Amino acid sequence: MAKEELIQFEGLVTEILPDARYRVQLDTGHEIVAYTAGKMKKNRIKTLAGDRVTVEMSPYDLEKGRLIFRHKDERPASAGPAPQRGPQRGGQFRGRR
């Protein structure tokens, strides 16, 4: 017996819930609760409200899903110079503070 294929949807994170879960508004108009996939946790990929994500769902339960990808922002980077962190100390290496 073959394993069922998972369905992928794109959506927008609308709310961050307790226990590493998110409320996601899918492009189809449905709202689901999703959790972060293990690879995203392992690579420390943070998800915030307003992020575009790809969600993987089982065809048996269309109310829950798993976040498998966070899309990069399409916002342009700021045109100004990078902000300064403070006074730079002399020397080639940065020591512990």
Side-chain angles (χ1 to χ4, degrees):
M1 186 112 190
K3 183 177 176 183
E4 282 292 326
E5 290 293 321
L6 297 174
I7 306 168
Q8 289 187 4
F9 293 101
E10 288 192 14
L12 186 71
V13 175
T14 57
E15 185 181 358
I16 300 173
L17 302 172
D19 200 27
R21 295 186 185 273
Y22 304 92
R23 190 170 313 278
V24 178
Q25 178 79 33
L26 300 178
D27 291 343
T28 60
H30 290 75
E31 197 165 298
I32 65 164
V33 174
Y35 65 92
T36 306
K39 288 227 176 192
M40 289 181 69
K41 287 181 188 175
K42 178 182 170 190
N43 292 307
R44 296 185 178 153
I45 297 172
K46 303 294 180 194
T47 306
L48 302 173
D51 285 348
R52 299 272 316 152
V53 293
T54 300
V55 180
E56 201 172 59
M57 296 171 60
S58 167
Y60 298 110
D61 188 3
L62 299 176
E63 298 295 319
K64 298 178 195 157
R66 176 175 47 232
L67 297 182
I68 58 169
F69 188 79
R70 182 179 67 88
H71 297 276
K72 294 194 182 232
D73 290 336
E74 284 126 20
R75 289 177 263 160
S78 61
Q84 291 292 328
R85 288 187 162 176
Q88 294 289 328
R89 293 192 290 172
Q92 183 178 359
F93 302 104
R94 290 178 55 183
R96 291 189 180 181
R97 295 180 190 199

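Nothing fancy with the numbering, it's 1 onward along the sequence. Owing to the predicted nature of the structure, the values given are computational and were not obtained by experimental measurement.
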From Y60 OH over to I7 CD1, what is the distance, rounded to the nearest 0.5 angstrom? 10.0 Å
Distance in Å, Q25 CD paired with H30 NE2, rounded so as to fall on 0.5 Å steps: 9.5 Å
Closest approach of [X] to [Y] (non-hydrogen atoms, all atoms of both residues):
X: K41; Y: T36; value: CE-O, 3.6 Å
X: I16; Y: T47; value: CD1-O, 4.0 Å
X: V24; Y: T14; value: N-OG1, 4.3 Å

Please step through side-chain contact (heavy atoms from CB on, under 4.5 Å) for the pair D27 and R52, ending with a clear verdict. CA-CA 10 Å; D27 291 343; R52 299 272 316 152; 3.0 Å; yes
Would you say the side-chain atoms of D51 pair up with the backbone N or O of L48, donor to acceptor, closer than 3.5 Å? yes
Check whether [X] and [Y] end up in the same hydrophobic cluster, where Ile, Leu, Val, Met, Phe, Trp and Tyr are linked by side-chain heavy atoms less than 4.5 Å apart.
X: V33; Y: L67; answer: no
X: Y22; Y: L6; answer: no
X: I32; Y: F9; answer: yes

I'd like to check the side-chain hydrogen bond (donor to acceptor under 3.5 Å, both in side chains) partners of E56; sequence neighbours left out, ordered by chain and number. R66
Stepwise side-chain contact (heavy atoms from CB on, under 4.5 Å) check, I68 with V55: CA-CA 6 Å; I68 58 169; V55 180; over 6 Å; no
Mind checking what makes side-chain contact (heavy atoms from CB on, under 4.5 Å) contact with I45, not counting sequence neighbours? M40, N43, R70
